[in-house]
Amino acid sequence: MEIIDYARDYEAATSYFTELVSRLKPIDLDKSAPGEWTPRQVIHHLADSEAQSYARIRRLIAEPSGSIIQGYDEGLWAENAVLGYSTLPIENSIAVFKSVRAASLDILKRLSLDDLERSGVHTEAGKYTIAKWIKAYTNHPRDHAGQIEKVVAGA
């Protein structure tokens with residue numbers, strides 16, 4: 001694969017998620033299934049996750065090999081009342097998701113294939129390369145889109 005292929009796939013994942021969210025009805029946002037987040041919670045989670053990804057890719061590119069890539073407890077973030085995953089409107093989180101993905105896509109397109117092996121140390125996952133970052137953040141919105149589709153369909 002070439003960098004442009006990775007970039008196109010990343011961009012397609014962004015579009016898939018944003019198009020799904022644009023079709024949600026207000027009543028869909030708070031549907032739930034046992035043990036699953038509601039679509040509203042997923043949308044807020046993706047905004048926060050993308051904010052993390054924004055910093056991570058830049059660290060991987062600009063800082064020396066072995067720099068720390070900080071993890072976070074997404075479950076605690078989702079449960080925190082101040083962060084409002086269960087109550088806040090989704091518009092700002094959608095805007096964050098779109099903007100951060102667009103900015104990261106700009107960076108992704110500038111990478112070389114050799115850059116894919118640049119790495120840091122993720123506090124939860126160990127060695128963390130740019131290639132792992134691309135795979136994780138290309139799959140992440142697709143995985144959560146599937147979760148939303150199942151909850152909305154009543155599965």
Please report the closest heavy-atom contact between A103 and R58, naming both atoms and the distance. O-NH2, 3.5 Å
Sequence neighbours excluded, the answer for salt bridge (charged side-chain N to carboxylate O under 4.0 Å, His left out) partners of K31 is D28
Give me the other members of the hydrophobic cluster that I68 sits in, counting Ile, Leu, Val, Met, Phe, Trp and Tyr linked by side-chain heavy atoms under 4.5 Å, directly or via other members. V121
Of all residues at least two apart in sequence or in a different chain, which pass the side chain to side chain contact (heavy atoms under 4.5 Å, CB included) check with K135? N139
Check which hydrophobic residues are tied to Y85 through side-chain heavy-atom contacts below 4.5 Å, counting indirect links as well, and list them. Y72, W77, L83
Could you measure the distance from the CZ atom of R59 to the OG atom of S119? Nearest 0.5 Å is fine. 14.5 Å
Can you list everything that forms a side chain to side chain contact (heavy atoms under 4.5 Å, CB included) with S67? Sequence neighbours excluded, please. E63, P64
Report the residues that fulfil side chain to side chain contact (heavy atoms under 4.5 Å, CB included) with L76, sequence neighbours left out, ordered by chain and then residue number. D73, E79
Could you state whether I61 and L116 fall into the same hydrophobic cluster, counting links through intermediate Ile, Leu, Val, Met, Phe, Trp or Tyr residues with side-chain heavy atoms under 4.5 angstrom apart? yes
Distance (rounded to the nearest 0.5 Å) between L46 CG and I148 CD1: 7.0 Å
Test of understanding: clusters of I, L, V, M, F, W, Y form through side-chain heavy atoms closer than 4.5 Å, transitively. Do V151 and I27 belong to the same one? no
Closest non-hydrogen atom pair, S93 against A47: O-CB, 3.4 Å
Are L105 and L113 grouped together when hydrophobic residues (ILVMFWY) are joined by side-chain heavy atoms under 4.5 angstrom apart? yes
Looking at Q147 and W37, what are the two nearest heavy atoms and their distance? NE2-N, 3.5 Å
Roughly how far, to the nearest 0.5 Å, is the CZ atom of R142 from the CG atom of L20? 13.0 Å
What ring-ring contact (aromatic ring centres under 6.0 Å, His included) pairs are there with at least one residue in residues 90-119, not counting sequence neighbours? F17-F97
Taking H44 for the side chain and L88 for the main chain, is one N or O donor matched with an acceptor at less than 3.5 Å? yes
Qualifying salt bridge (Lys or Arg N to Asp or Glu O under 4.0 Å) pairs with a residue from residues 81-106, counting only residues at least two apart or across chains: E50-R101
Rounded to the nearest 0.5 Å, the OG1 atom of T123 sits from the CD atom of Q70 at a distance of 4.0 Å
Contact summary for L111 and I3, nearest pair of heavy atoms: O-CG1, 3.3 Å
If you link ILVMFWY side chains whenever their heavy atoms are less than 4.5 Å apart, which other residues fall into the same cluster as Y54? By chain and number, please. V96, V100
With D5 via salt bridge (charged side-chain N to carboxylate O under 4.0 Å, His left out) - residues at least two apart: R8
Between atom CZ of R56 and atom NZ of K132, what is the distance when rounded to the nearest 0.5 Å? 13.0 Å
Donor-acceptor pair, side chain of T18 and main chain of S15, under 3.5 angstrom: yes
Assigning hydrophobic clusters by single linkage (Ile, Leu, Val, Met, Phe, Trp, Tyr; side-chain heavy-atom cutoff under 4.5 Å), is I130 placed with I4? no
The test is side chain to side chain contact (heavy atoms under 4.5 Å, CB included); show your working for S65 and R118 and say whether it passes. CA-CA 7 Å; S65 181; R118 292 185 55 84; over 6 Å; no
Side-chain heavy atoms of S104 within contact of Y10, under 4.5 Å: yes
Can you confirm whether R110 is buried at CZ, in the sense that more than 12 heavy atoms of other residues, nucleotides or ligands lie under 6.0 Å from that atom? no
Sub-6.0 Å ring centroid separation between W133 and Y6: no
Under the ring-ring contact (aromatic ring centres under 6.0 Å, His included) rule, what pairs show up with a residue in residues 111-132, not counting sequence neighbours? H122-Y128
Using the test salt bridge (charged side-chain N to carboxylate O under 4.0 Å, His left out), find all partners of D30 that sit at least two apart in sequence or belong to another chain. R40
Does a donor on one side chain sit under 3.5 Å from an acceptor on the other, for E74 and S49? no
Out of curiosity, I43 CD1 to I90 CD1, how far, rounded to the nearest 0.5 Å? 4.0 Å
